[in-house]
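Side chains are part of it too, since the values below use all heavy atoms of this structure and drop only hydrogens, waters and symmetry mates.
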Amino acid sequence: MPARTHEDLIKEARKKATTIALIYSPIELQEYIVEIISNDSQQFLEKSNRLIHFQSVDQALHHSTKHGAQEFFLCTDNTYDECGSVGFGQTFEFIPIQSKYKNNN
């Protein structure tokens, strides 16, 4: 199965009319930011025009669920792709993860 790309996840959210949360760790697993993708929008979680930084994946999952996310992916650096097999521009691996939080939407 080929690796999913960011574009694949956007298409999936639109096709399935679902909301997807992408959880990135920009500072070597010390904090996380969240991108929410739905059938009609794509945005990072912000407060007062600044990215919200979460201290754990659990916090990121909790807030993603509060923003309607139904599917979740941990976005890790594509460190081992030395030969460029995933394709130009693909810098993350999107790993599906589960949330213990219930979506009340």
Side-chain angles (χ1 to χ4, degrees):
M1 179 177 169
R4 286 178 166 162
T5 66
H6 190 260
E7 287 300 315
D8 291 337
L9 293 169
I10 292 170
K11 289 176 188 173
E12 184 177 321
R14 290 182 178 152
K15 180 180 175 185
K16 293 172 43 179
T18 190
T19 301
I20 297 173
L22 303 181
I23 301 171
Y24 298 91
S25 178
I27 305 176
E28 299 181 14
L29 300 178
Q30 294 176 0
E31 56 185 42
Y32 302 87
I33 59 174
V34 176
E35 179 181 14
I36 302 290
I37 301 171
S38 65
N39 62 339
D40 61 353
S41 70
Q42 184 180 340
Q43 63 187 8
F44 282 89
L45 294 184
E46 296 180 338
K47 185 174 184 178
S48 302
N49 292 328
R50 296 185 65 136
L51 287 175
I52 300 172
H53 293 262
F54 300 101
Q55 299 303 308
S56 68
V57 171
D58 189 59
Q59 285 180 346
L61 287 168
H62 177 69
H63 287 275
S64 298
T65 303
K66 287 172 75 173
H67 282 85
Q70 300 156 313
E71 295 182 43
F72 309 86
F73 292 86
L74 183 62
C75 308
T76 60
D77 285 327
N78 192 2
T79 324
Y80 299 104
D81 189 21
E82 298 169 1
C83 301
S85 61
V86 176
F88 182 73
Q90 175 78 8
T91 58
F92 293 101
E93 293 285 338
F94 299 98
I95 302 168
I97 58 176
Q98 297 293 315
S99 174
K100 64 183 177 185
Y101 301 101
K102 291 223 178 228
N103 189 325
N104 293 325
N105 291 345

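Between Leu22 and Ile37, the closest heavy-atom pair is CD1-CD1, 3.5 Å. Shown here for Asn39 and Ala17, the closest heavy-atom pair between the two residues is CB-CA, 4.1 Å. Listed here is the closest heavy atom pair of Leu51 and Ile33: CD1-CD1, 4.0 Å. The two residues Phe54 and His63 have their closest heavy-atom pair at CE2-CD2, 3.2 Å. The minimum heavy-atom distance linking Cys75 with Tyr24 is given by the pair CB-CD2, 3.4 Å. Nearest heavy-atom pair, Thr19 versus Gly68, reported as atom, atom and distance to 0.1 Å: CB-O, 3.3 Å.
A search for side chain to side chain donor-acceptor pair (under 3.5 Å) contacts involving Gln59 returns nothing, not counting sequence neighbours.
From Ser99, atom OG reaches atom CD of Gln70 across 11.5 Å, with rounding to the nearest 0.5 Å. Here OH of Tyr32 is found 10.0 Å from CG of Leu61. Values are rounded to the nearest 0.5 Å. The CG atom of Leu74 sits 8.0 Å away from the OG atom of Ser25 when rounded to the nearest 0.5 Å. Note that CD of Gln43 and CD of Glu35 are 9.5 Å apart. Values are rounded to the nearest 0.5 Å. Distance NE2/His67 to CD1/Ile52: 6.5 Å, rounded to 0.5 Å.
For residues 9-18, the salt bridge (Lys or Arg N to Asp or Glu O under 4.0 Å) pairs, not counting sequence neighbours, are Arg4-Glu12, Glu12-Lys16, Lys16-Glu71. Residue pairs meeting the salt bridge (Lys or Arg N to Asp or Glu O under 4.0 Å) criterion with at least one member in residues 38-61, sequence neighbours excluded, are Asp58-Lys100.
The closest donor-acceptor contact from the side chain of Thr18 to the backbone of Ala13 lies at 3.5 Å or more, if one exists at all.
Gln42 places none of its side-chain heavy atoms less than 4.5 Å from the side chain of Ile36.
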